[in-house]
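Within every chain, numbering begins at 1; the chains are lettered A, B, ... in the order of the sequence lines, protein sequences first and strands thereafter. As a basis for the values below, the full set of heavy atoms in this structure was taken, side chains included, without hydrogen atoms, waters or symmetry mates.
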Amino acid sequence: MKRERLEHNFYIRDVLDVAPEMPGKSLVRQFDNGSLYRYTILEVEAYRGKEDLACHASKGRTNRTEVMYHAGGKIYVYLIYGMYWMLNFVTGEQDTPQAVLIRAVEGFDGPGKLTRGLQIDSSFYGEDLATSKRIWLEHATEKFDIVRTKRIGIDYAGEPWINKPWRFVGTRQ
DNA sequence: GTAAGGATTGGC
DNA sequence: CCAATCCTTACT
């Protein structure tokens, strides 16, 4: 079994090309105590550009959204409801603010539970997935089928954004 | 400076 | 159904 880290070229593509390829890939986390775990990604959502009213970049380029304007391959984390950190991977070329929200991995079903379980917080903001020593992605070793649905929890964005089928759920083939 | 609200979760 | 909890954003 080949374990190969995903490089920048994987992320520097349109988020709608990257996101459907995420389920099945391994999210690798090396903890401070040296232990290393691999988690298969099961569910993600795509947030695409300043026109997408569900994407935080639609509010403009701010301190919080800054990293989404960078070239793909970095981590975007933010706090929601005062208690949950959301884990996102920036995609696309520089100045195309996009990100993939990781909603579930095997063992942790839900974006808040996932970051709690993997001990991911604000210190991961801007981390480079191609060079980090504590978090990265590796190529998939199994084939997954993808089901597309609407994104969760973004009713405020209105039409047409609430109906975009930009949630990608993977199931083993 | 102040206020409103959220890419969620779990408990009633 | 609804509170928890605090950071980001938009202003009376």
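Close to C/dT8, at under 4.0 Å from its OP1 or OP2, lies no side-chain N or O of A/His56. Here A/Thr62 does not reach the OP1 or OP2 of C/dT8: none of its side-chain N or O atoms lies under 4.0 Å away. A close approach under 4.0 Å does occur between a side-chain nitrogen or oxygen of A/Arg64 and OP1 or OP2 of C/dT9.
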- Message: For Watson-Crick and G-U wobble pairs within 3.5 Å on both distances, what is DNA chain C written in dot-bracket notation, | included for inter-strand pairing?
- Response: ||||.||||||.
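Considering only heavy atoms from C-beta on, A/Thr65 stays 4.5 Å or farther from A/Lys59 through its side chain.
Across all strands, A/Ile154 comes closer than 4.0 Å only to sugar-phosphate atoms, never to a base (heavy-atom distances). Using a 4.0 Å heavy-atom cutoff across all strands shown, A/Met83 reaches at least one base atom of the nucleic acid.
A distance cut-off of 5.5 Å between ring centres, combined with a plane angle under 30°, leaves A/Tyr156 outside any stacking arrangement with the base of B/dG6.
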- Worked check of side chain to side chain contact (heavy atoms under 4.5 Å, CB included) between A/Asn88 and A/Tyr78: CA-CA 9 Å; A/Asn88 301 254; A/Tyr78 65 91; 3.5 Å; yes
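Ring geometry for A/Tyr125 versus A/Tyr76: interplanar angle over 60°, hence perpendicular rather than tilted (30 to 60°).
Taking atom P on both nucleotides, B/dT2 is separated from C/dT5 by 23 Å, rounded to a whole Å.
If you measure from atom CG of A/Leu101 to atom C1' of B/dG6, you get 13 Å, rounded to the nearest angstrom.
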